[in-house]
Amino acid sequence: MPELPEVEVVRAGLAPAVNGATVTGVEVFDARSLKRHISLIEQQSGEIAQGHGRTLDAATQQLRAADFEKRLTGVTLGPAVRRGKFLWIHIEGSSSVLFGHLAMSGQLLLRGIDAPDDKNVRIRIWLNHPVHGELRIDFADQRRFGSLAIDELVATDDSHPGGLGTELPLIPQQAGHIARDPLDPAFQQDAAVRGLRQKSLPIKMALLDQRILSGVGNIYADEALWAARIHPELPANQVSAKRLNELLTAVQFVFQKALAEGGTSFDAQYVNVNGEAGYFAHSLNAYGRSGKPCNRCGETLKRSEVIDRSSVFCPVCQAKRRRRG
DNA sequence: AAGTTTGTTCAGCT
DNA sequence: CAGCTGAACAAACT
């Protein structure tokens, strides 16, 4: 499950291959992977089929696939940018971007044109790069929860760059509501702490709220809470500002650590960029270790459910009591 | 073969 | 009304 570090590895791997490349062809094998893509016809008529939480009818799927292929073919791509788990690639001389979210099982694979097919390829984009030659980007997604789209850039609300990878203060509409992530140079930790402190829901859930800070999913939420010794079910507004700052520092630490380990899996051979290689390659202290001993105190780690999401934590190190701080 | 997995959105409730 | 909760939803693997 790609979270911020995995998405960043993908962004960094794609960036040199897409910047300056011309799109020579687009193939949509499964339009269900375009559920975030709104066709021009839908935009102009104002009748936008509900792509989220509902299966699109066949006609809309066909319309969107054709629209996506048409609007992307022939363009020249620019920088690859990321905020949180959202990823986009600028289109030169245009306010549109190629926009995507990998969700649970999405991968953006960079391949030579003669490479054998990977499993579950839903969308294929053919490229010609002035330096690297002919390439393919294959969007593979086993569960199809992820999607690609063409989206429009709008101004950022704080006039800082839209995300990592660009200096332009522009962000795709669909990512506009997402807060900056802890690895963003313009990330405001004080504001994130204030946002968390206003919530009465469990700290684990507040940490997953992409409007407060982005990029944290279930894995790194458990890891950061373990590192900061905070019980996942403690109401966010009962955690002191000091401990929330420690928590955000822990988030940055686990992100950096995963990024460093994920990064080592990706050598300079950009054509080998493979979303799978970085996932779960790093050592985890909490996630998936229910029933195993705590790496800090030896106590057996416990599994609980916080609003339908599984959480693993150490009942001793992360005692559910308010701590001074 | 029912259960598990997760990011995101939203109806509906307090 | 603002904020929160719980659920819905996507699809495939075990």
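Because only heavy atoms are used, hydrogens play no part in the values below, and waters and symmetry mates are left out as well, while side chains stay in. Order of the sequence lines fixes the chain letters, A, B, ..., with proteins taken first and strands second; residue numbering starts at 1 for each chain. On a predicted model such as this, the values are computed, not experimentally measured, just so you know.
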Whole angstrom value for the distance that separates P of C:dA11 from CG of A:Asp30: 8 Å

From CG of A:Asp209 across to P of C:dT5 the rounded distance in Å is 11 Å

side-chain contact (heavy atoms from CB on, under 4.5 Å) with A:Thr249: which residues, sequence neighbours excluded? A:Gln189

Other hydrophobic cluster members with A:Ile113, side-chain heavy atoms of Ile/Leu/Val/Met/Phe/Trp/Tyr under 4.5 Å, chained? A:Trp126

Would you indicate, yes or no, if B:dT6 has its OP1 or OP2 atom less than 4.0 angstrom from a side-chain nitrogen or oxygen of A:Tyr220? no

Can you tell me whether the side chain of A:Arg309 and the base of B:dG7 have a donor-acceptor pair closer than 3.5 Å? yes

Which part of the nucleic acid does A:Ser200 contact within heavy-atom distance under 4.0 Å: base, sugar-phosphate only, or nothing? sugar-phosphate

Apart from A:Phe86 itself, members of its ILVMFWY cluster (side-chain separation under 4.5 Å) are A:Val81, A:Trp88, A:Val97, A:Phe99, A:Leu153, A:Val154, A:Leu168, A:Leu170, A:Ile171, A:Ile178

Nearest to side-chain heavy atoms of A:Arg36, which nucleotide of C:dT5, B:dT6, B:dT8: B:dT8

Is the shortest side-chain N/O distance from A:Gln210 to OP1 or OP2 of B:dG7 below 4.0 Å? no

Nearest nucleotide by nearest heavy atom, which residue falls closer to the 5' end of DNA chain B, A:Phe86 or A:Arg303? A:Arg303

Which of the following nucleotides, B:dT8, C:dC4, C:dT5, is nearest to the side chain of A:Lys199? C:dC4

Using a strict 4.0 Å threshold on nitrogen-to-oxygen distance, state whether A:Asp117 and A:Arg124 make a salt bridge. yes

For the helix from B:dA2-C:dT14 to B:dT14-C:dA2, figure out the bend between the end axes, five pairs an end, and round to 10 degrees. 50°

If a pair satisfies side-chain hydrogen bond (donor to acceptor under 3.5 Å, both in side chains) and one of its residues is in residues 10-21 of chain A, list it, with sequence neighbours excluded. A:Glu8-A:Arg11

Measure distances between side-chain N and O atoms of A:Arg143 and base N and O atoms of B:dT5, and say whether any donor-acceptor pair falls under 3.5 Å. yes

Just jot down the side-chain contact (heavy atoms from CB on, under 4.5 Å) partners of A:His160, sequence neighbours excluded, or say none. A:Asp158, A:Arg180, A:Ala186

Pick from A:Gln318, A:Glu233, A:Lys204: which one makes a side-chain hydrogen bond (donor to acceptor under 3.5 Å, both in side chains) with A:Ser311? A:Lys204

Should A:His101 be listed as having a side-chain N or O under 4.0 Å from OP1 or OP2 of B:dG7? no

Short side-chain N/O contact to B:dT9 OP1/OP2 from A:His177, under 4.0 Å: yes

